[in-house]
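Excluded from the calculations below are hydrogen atoms, water molecules and symmetry mates; all remaining heavy atoms, backbone and side chain alike, are included.
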Amino acid sequence: MRKFTFTLLIIFICAFMLGCGQPLYNNDTLSDEVINVTPQLPLGDYTGPDVTALPSNTGAHCTMHTQTLMWPEEAAESTAEYMLVLEYPVFDAPQSSFAAMNEAVELYRAELMERVVNERMPLADRAQGEDVPATFVTCDVSYAGEYANVIFNETARFTNTSESSLLTLVLDSQGREASLHSAAGLYYPDNIVAQQIFNIIDRDPKRYNGDVTPEDISLALDFYNGFIVTDTGYTLFVAPGLLAPADEGILSFSFTRAALYPAFAGDVISIAQYEQMQDALVALSAACATRYESFSASQPTQLIASTFITRMLRSRATPENAFVSSLPKADYETFFASCFDNTFAINRDDGDGTYLDGEMYYIPNTPESAFGLHLEDAHVDGNTIVLTGVIMYGEPGGINSGEVAPATIVIRPDSTSPIGCKLISLAMR
């Protein structure tokens, strides 16, 4: 998990009073009380679009706990120099995904402690009769699709100052932290997200700073710890003062998944067509990138064809519907014919390990290399559509992701195909 170096910081009053040193904390001073077993909507008064407070197919359930720490240790609130009150979730075990979720929360707690000790406690200088300087953290958990959103709201209270921040963890069904890149499947989200937010600002410009540009918006966004997934798309948060006057508070911008599709979706092809063929285009790109092969005239090599089908089956596997390791011969070949314009008989030596035995195809369930597709443009050419983009390697947002090669994909729309089209050719350049 990335260091939380970019938090959505709200500073309402800037006059800090410098004071005493930083006593160490002791876990013996904490209280750990279950205070809430019902996941809450994020941000308390924030009711973003299509965020449900009920667990969905993440299978994740949690209880909310509080931890109270005083400095110096064993001090009472009336005599403490600083106090931390932290609310945090504990996801139910024993599934490994829950353990991973709890590890992400624990990392946040450790980094919060580091910030409290090193950044906030040196500013504390409690005068007699005043409230104890403190950091209060409330937490809310919501669910959307396969994702769990954990939202931490921090408020640091000093004598004459108050600062607040918002930080999010988006966890997938395996408990892994997701970025906006990975949740949306985007390798280059900056420009399109900034443009969507710019369009929202343009509808009510008086609310925002008058000179906001897409570049300003890009700099204000945090694609790792400043967004949540909703049932229909995404919500991103921006700190006060960056795009609007500070008294507007934390800004939230919500849009649908389709808003982040390539510009040609909804123009050259419909949104529904794009969604139907999206997985197939990625699977085809990955199949061709495996050995840097192109294909034409609907005649892929056996390696491309078998790898494509294996990836399509794997992409449709869910916790409820496990990966299918065998298919009847008729079903396998019917699916191939519905995606390409020819028939196919597999040769085990030339494919991805898929082989035919009698009337059954047996499909390998081996680890696959991570490839993806960044689409840039599309145009109609007769009865076909020509798509251009770049084949990518690595997971979107991953530190090792990069470009493999530019590619041109030709498809023919076909309403009878389960992927919405026939795959005519892919040329890697």
Side-chain angles (χ1 to χ4, degrees), residues 1-9 96-97 99-112 114-115 145-152 165-197 214-215 217-229 234-239 257 260-262 278-279 281-283 285-292 311 314-315 366-376 389-407 428:
M1 182 172 69
R2 291 197 168 203
K3 286 290 258 182
F4 299 117
T5 54
F6 179 85
T7 58
L8 302 175
L9 184 62
S96 60
S97 61
M101 290 178 173
N102 289 328
E103 286 177 7
V105 172
E106 285 303 304
L107 181 55
Y108 164 77
R109 292 175 67 193
E111 292 186 339
L112 169 67
E114 181 179 338
R115 284 188 282 116
E146 70 169 294
Y147 295 100
N149 302 300
V150 183
I151 302 99
F152 293 103
S165 60
L166 178 150
L167 185 142
T168 68
L169 302 176
V170 178
L171 307 172
D172 68 14
S173 59
Q174 301 302 310
R176 299 169 299 193
E177 280 195 70
S179 63
L180 182 66
H181 306 72
S182 58
L186 297 175
Y187 286 92
Y188 303 114
D190 301 67
N191 290 341
I192 191 169
V193 172
Q195 186 62 51
Q196 290 299 325
I197 293 177
E215 291 74 20
I217 296 171
S218 291
L219 292 173
L221 298 177
D222 182 351
F223 292 155
Y224 295 88
N225 300 115
F227 82 102
I228 60 173
V229 178
Y234 315 95
T235 295
L236 287 93
F237 304 101
V238 175
R257 284 184 292 273
L260 302 186
Y261 292 165
Q278 191 175 20
D279 285 346
L281 296 175
V282 173
S285 300
C288 291
T290 300
R291 289 187 184 171
Y292 207 89
R311 284 180 176 263
R314 188 171 283 116
S315 72
T366 54
E368 58 186 24
S369 300
F371 290 102
L373 178 64
H374 170 66
L375 286 171
E376 298 171 337
V390 181
I391 296 178
M392 309 291 294
Y393 67 84
E395 297 291 340
I399 59 174
N400 295 318
S401 62
E403 298 184 0
V404 176
M428 300 175 69

Looking at residues at least two apart in the chain, or sitting in another chain, which of them share a ring-ring contact (aromatic ring centres under 6.0 Å, His included) with Y187?
none
Hey, what do you get for CZ (F237) to CD1 (I228), rounding to the nearest 0.5 Å?
4.0 Å
F223: what forms a ring-ring contact (aromatic ring centres under 6.0 Å, His included) with it, not counting sequence neighbours?
H181
E215 meets the salt bridge (Lys or Arg N to Asp or Glu O under 4.0 Å) criterion, sequence neighbours left out, with none
CG-CD1 distance between N191 and I217, expressed to the nearest 0.5 angstrom:
11.0 Å
Can you name the closest pair of heavy atoms from F227 and S179 and give their distance?
CZ-C, 3.4 Å
Does atom CD (Q196) have a neighbourhood of more than 12 heavy atoms from anything else shown, all under 6.0 Å?
yes
I want to check something: taking the side chain as every heavy atom from C-beta on, are L180 and L186 in contact at a cut-off of under 4.5 Å?
no
Distance in Å, R257 CZ paired with Q278 CD, rounded so as to fall on 0.5 Å steps
10.0 Å
Non-hydrogen atoms of M101 and G175 that approach each other most closely:
CG-CA, 3.6 Å
With a 4.5 Å limit on heavy-atom distance, are the side chains of L169 and F152 in contact?
yes
Do the side chains of Y234 and L260 get nearer than 4.5 Å, heavy atoms only?
yes
Hey, could you give me the OG/CZ distance between S165 and R115, rounded to the nearest 0.5 Å?
6.0 Å
Between CG on residue D279 and CG on residue L373, distance to nearest 0.5 Å:
11.5 Å
Give a yes or no answer on whether the side chain of N149 reaches the backbone of T168 with a donor-acceptor pair at less than 3.5 Å.
no
For residues Y147 and S182, report the shortest heavy-atom separation together with the two atoms involved.
OH-O, 4.2 Å
Can you find a heavy atom in the side chain of E177 that is under 4.5 Å from one in the side chain of L171?
yes
With heavy-atom distances below 4.5 Å as the criterion, would you say the side chains of L107 and E111 are in contact?
yes
Kindly give the heavy-atom pair with the smallest separation between D190 and S218, and that separation in Å.
O-OG, 3.8 Å
Which heavy atom of M392 sits nearest to which heavy atom of E403, and what is that distance?
SD-CG, 3.7 Å
Under the side chain to side chain contact (heavy atoms under 4.5 Å, CB included) criterion, do Y292 and V404 qualify, and how do the steps go?
CA-CA 9 Å; Y292 207 89; V404 176; 4.1 Å; yes
If you compare all heavy atoms of S97 against all heavy atoms of S173, which two are closest, and at what distance to 0.1 Å?
CB-O, 3.2 Å
